[in-house]
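Note: hydrogens, waters and symmetry copies are ignored here, and every other heavy atom, side chains too, is used. Here, residue 1 is the first one in the sequence, and each next residue gets the next number.
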Amino acid sequence: MRYEIKNSDLSTFVEGCKPLLLAMPYPCYVMDLEGSIVFSNEAVQELTGCERHPDYQWNFVTFLEEEEIDKTIEHINTVLKGERKSIQTKIRNRNGQVIDVNILSIPVKVDGVILGICGYITSTANEKNLSPSTTRNWDTIITGIKRIDQIVVDSTKRKKAEEKLTYLAFHDSLTGLPNRRKLDYELHKTLNEAKEKKIKVGVLFLDLDRFKYINDSLGHKMGDKVLQVIADRLKGSLESDDTISRQGGDEFVILLNNVNTKEELHEAAARINRIIAEPIGLLGHEYVLNASIGMSIFPDHGYEAEGLIQKADQAMYLAKESGVGIQSYELGMAKSLSRKLLLEQYLHKAIEKNELYLVYQPIVDVYGKQVIGVEALLRWQHPVLGAISPGEFIQIAEESDLIIKLSNWVLETACRQRKIWTDMNLPPFYVSINVPARQINLESFLESVKDALARHQLPANLLKIEITERTAMTNVQQTLHTIKELQDKGVDIILDDFGVGYSSISYLVQYPFNTIKIDKSFIEGLENKNQRSVCRTLVAMGRNLGMNVVAEGVEELEQYQFLCSIGCHNMQGYYFSRPTSVEMVETFFTPEQKGLKGKFK
């Protein structure tokens with residue numbers, strides 16, 4: 001062995017390069033031989049949504065999509081042999097958003113010894129915006145401390161690094177427990193052995209109750225500490241041939257071998273629940289958590305690994321809903337679960353599983369005969385339940401505090417898509433998103449909007465925020481402050497559903513809205529004389545106050561013609577287009593306006 005590589009050598013390299021790395025406008029990081037991030041600039045932390053924790057280092061593998069892990073580990077191992085290399089892969093940030101990225105990896109070499117990797121990330125969508133000189137600067141950074149003439153690789157260290165990366169591909173970096181991939185492997189192996197020996201196998205699906213309140217009140221760092229404590233307790237309570245896996249968030253799956261009866265499995269679950277319920281000391285206080293545990297048994301409840309986990313998962317939902325704490329799977333159990341509870345539980349995972357998507361409905365200027373904006377609308381396609389109505393799952397999200405997570409996802413996704421359209425040189429139409437009261441009143445909301453615009457290099461005038469009258473009347477002073485701050489940044493605010501809420505005229509006077517949307521209830525039934533009079537008054541009121549007026553819910557030619565006659569020239573509704581896909585939006589801007597053909601009469 002020619003060199004003994006020390007961690008301090010890499011630390012010295014990082015300290016020397018830190019001013020250059022911090023100044024980089026794009027995400028860059030330094031990882032050691034085992035894939036642990038030892039340095040990352042703010043752009044990386046914004047991209048991933050995670051900051052380096054003082055008590056542990058997160059590993060690069062943590063953020064990879066599962067199908068990308070193997071090829072990325074191979075990429076890392078190649079770079080550790082001294083080869084500069086690029087890779088296209090997918091990473092998932094803390095909000096669950098999947099991002100296509102390009103990564104340039106350069107071996108960090110000091111005195112001829114490879115100490116780690118310096119990585120440079122760019123979003124695939126933004127690749128064309130890079131300055132040609134940017135990547136050339138990396139050679140200056142990497143060799144800025146010591147110029148080398150040859151590469152000397154410590155094969156022993158590299159071998160250990162490869163083993164560590166392989167370990168991380170099958171283990172959770174926070175708790176050290178096996179991850180889903182490892183559990184899947186172990187469960188298939190165990191079931192094959194159980195079939196030969198004709199023995200039973202137990203599966204426990206465990207979810208911590210009210211864990212999100214720890215995160216919300218104490219922060220994610222304390223939440224991570226709780227998960228580490230729980231993981232250590234669970235590891236210490238199991239037999240050597242049992243397997244415990246962290247599935248993500250606060251969910252764990254436990255595989256128990258040689259279970260003879262359902263009663264034995266229930267006793268094991270009760271023992272685990274008692275262990276979890278022992279007080280946890282945090283910040284000078286003690287906190288007590290409980291868990292909801294669902295159980296399934298091979299072969300009583302099925303022969304396949306995926307089915308056994310799914311049935312234990314269903315049993316866990318029922319345990320949580322009924323408050324019993326522990327529940328064994330029973331035939332027909334899925335029908336016993338309330339749809340609302342099922343949707344809430346599935347919604348927690350919808351972002352991670354890429355079940356959510358946006359559709360876009362155009363807002364048109366009928367005088368100019370063009371699309372001036374699109375409203376981004378959230379949709380959910382569940383693999384089993386099918387398409388779920390927004391009216392159903394949005395209400396559940398609002399009641400369960402998931403609405404913030406969903407709204408952040410919509411903000412990020414809409415901004416990313418609008419930047420893609422900008423890069424396609426489409427006209428400067430805006431994208432509007434709906435923001436609930438609970439989100440707009442958060443102090444962090446302003447920063448979220450500014451960060452999303454900056455991250456995607458999107459001009460502020462291409463994003464508009466829609467709020468309802470009900471939202472406007474919630475925490476009036478805070479909402480008014482937020483609106484003014486957003487408008488100062490160039491983000492326009494639209495008052496949605498105008499006329500159906502509370503004191504509409506007072507809100508028009510008090511709030512600095514630039515655009516109002518007349519609710520579709522005023523557009524329906526225009527054959528009624530009184531309805532036409534009200535609609536004419538609302539349009540005139542908005543125009544006299546110097547506001548843009550958009551009529552929602554325009555579905556028929558007669559409605560379109562009446563609105564034109566009273567001076568309302570911005571419209572939205574099925575008459576022009578239903579909410580549609582990204583590809584269809586692009587047809588609105590072809591020379592023939594294929595997506596709107598024949599609508600302007």
Side-chain angles (χ1 to χ4, degrees), residues 95-97 343 346-347 350-351 354-364 371-382 385-398 402-421 426 429-440 448-449 452 456 458 462-471 491-498 500 515-521 523-524 550-555 570-589 595-596 599:
N95 291 328
Q97 177 200 356
L343 291 182
Y346 288 145
L347 193 54
I351 293 179
N354 293 323
E355 295 170 3
L356 299 178
Y357 62 99
L358 294 181
V359 292
Y360 301 87
Q361 188 172 36
I363 297 131
V364 302
V371 172
I372 58 173
V374 293
E375 180 180 358
L377 299 165
L378 184 61
R379 296 292 185 264
W380 181 14
Q381 182 71 28
H382 190 272
L385 301 177
I388 300 168
S389 164
E392 186 175 20
F393 75 80
I394 293 296
Q395 181 180 358
I396 291 172
E398 289 177 340
L402 279 168
I403 194 65
I404 303 300
K405 185 177 181 180
L406 295 186
S407 295
N408 285 332
W409 184 87
V410 170
L411 170 64
E412 185 68 25
T413 305
C415 286
R416 183 174 70 252
Q417 181 57 52
R418 187 60 190 87
K419 181 59 169 64
I420 292 173
W421 283 326
L426 294 186
F429 64 94
Y430 65 82
V431 173
S432 68
I433 62 172
N434 295 278
V435 175
R438 196 173 302 181
Q439 185 181 30
I440 202 168
S448 297
V449 173
H456 297 287
L458 189 67
L462 297 185
L463 175 69
K464 295 185 187 293
I465 304 294
E466 296 196 23
I467 66 171
T468 63
E469 289 185 44
R470 181 175 181 179
T471 297
V491 178
D492 193 11
I493 309 298
I494 298 173
L495 179 62
D496 194 15
D497 299 339
F498 177 68
V500 300
T515 303
I516 60 172
K517 277 189 173 183
I518 297 176
D519 186 72
K520 63 182 180 181
S521 63
I523 309 302
E524 298 170 349
V550 178
E552 289 187 291
V554 181
E555 298 185 2
N570 292 338
M571 304 182 200
Q572 176 182 357
Y574 285 5
Y575 173 76
F576 301 98
S577 173
R578 291 175 176 269
T580 189
S581 66
V582 167
E583 293 74 20
M584 281 300 298
V585 168
E586 294 159 13
T587 67
F588 299 145
F589 301 98
L596 298 169
K599 295 301 181 182

Quick one about E375 and S432 (side-chain donor to acceptor, distance below 3.5 Å, no hydrogens or angles considered), yes or no? no

With a 3.5 Å cut-off and no angle check, do the side chains of K520 and Q572 form a donor-acceptor pair? no

In the structure I gave you, are the side-chain heavy atoms of [X] and [Y] within less than 4.5 Å of one another anywhere?
X	Y	result
I363	M571	no
V364	F588	no
I518	D497	no
F576	Q361	no
V585	V371	no
I494	K517	yes
I493	E466	no
L402	I396	no

Does the distance from a Lys or Arg side-chain N to an Asp or Glu carboxylate O, for R578 and E555, drop under 4.0 Å? no

Quick one: [atom1] on [X] to [atom2] on [Y], what's the gap to the nearest 0.5 Å?
X	Y	atom1	atom2	result
C415	H456	SG	NE2	6.0 Å
T580	L377	OG1	CG	11.0 Å
L406	L378	CG	CG	6.0 Å

Minimum heavy-atom distance between [X] and [Y], given as atom pair plus value:
X	Y	result
A376	N434	O-ND2, 3.9 Å
I467	V435	CG2-O, 4.0 Å
P362	V374	CA-CG1, 4.0 Å
L458	K419	CD1-N, 4.0 Å
G553	I523	O-CG2, 4.0 Å
P579	R379	CG-NH2, 3.9 Å

So, the side chain of T413 versus the backbone of V410: is there a donor-acceptor pair under 3.5 Å, distance only? no

In terms of the angle between their ring planes, are W380 and F393 parallel, tilted or perpendicular, with boundaries placed at 30° and 60°? perpendicular

Would you please classify the geometry between the H382 ring and the Y346 ring as parallel, tilted or perpendicular, with 30° and 60° separating the classes? tilted

If you count every heavy atom of other residues, nucleotides or ligands that lies below 6.0 Å from Q381 atom CD, does the total exceed 12? yes

For W409 together with Y357, are the ring centres under 6.0 Å from each other? no

Just checking F429 against F589, ring centres under 6.0 Å apart? yes

So, is the end of the K464 side chain (NZ or CZ) under 6.0 Å from the ring centre of Y430 and within 45° of the ring's axis? yes

Quick one, E583 with T587, criterion side chain to side chain contact (heavy atoms under 4.5 Å, CB included). Give me CA distance, side-chain angles, the key distance, then yes/no. CA-CA 7 Å; E583 293 74 20; T587 67; over 6 Å; no

Worked check of side chain to side chain contact (heavy atoms under 4.5 Å, CB included) between L411 and S448: CA-CA 8 Å; L411 170 64; S448 297; 4.1 Å; yes

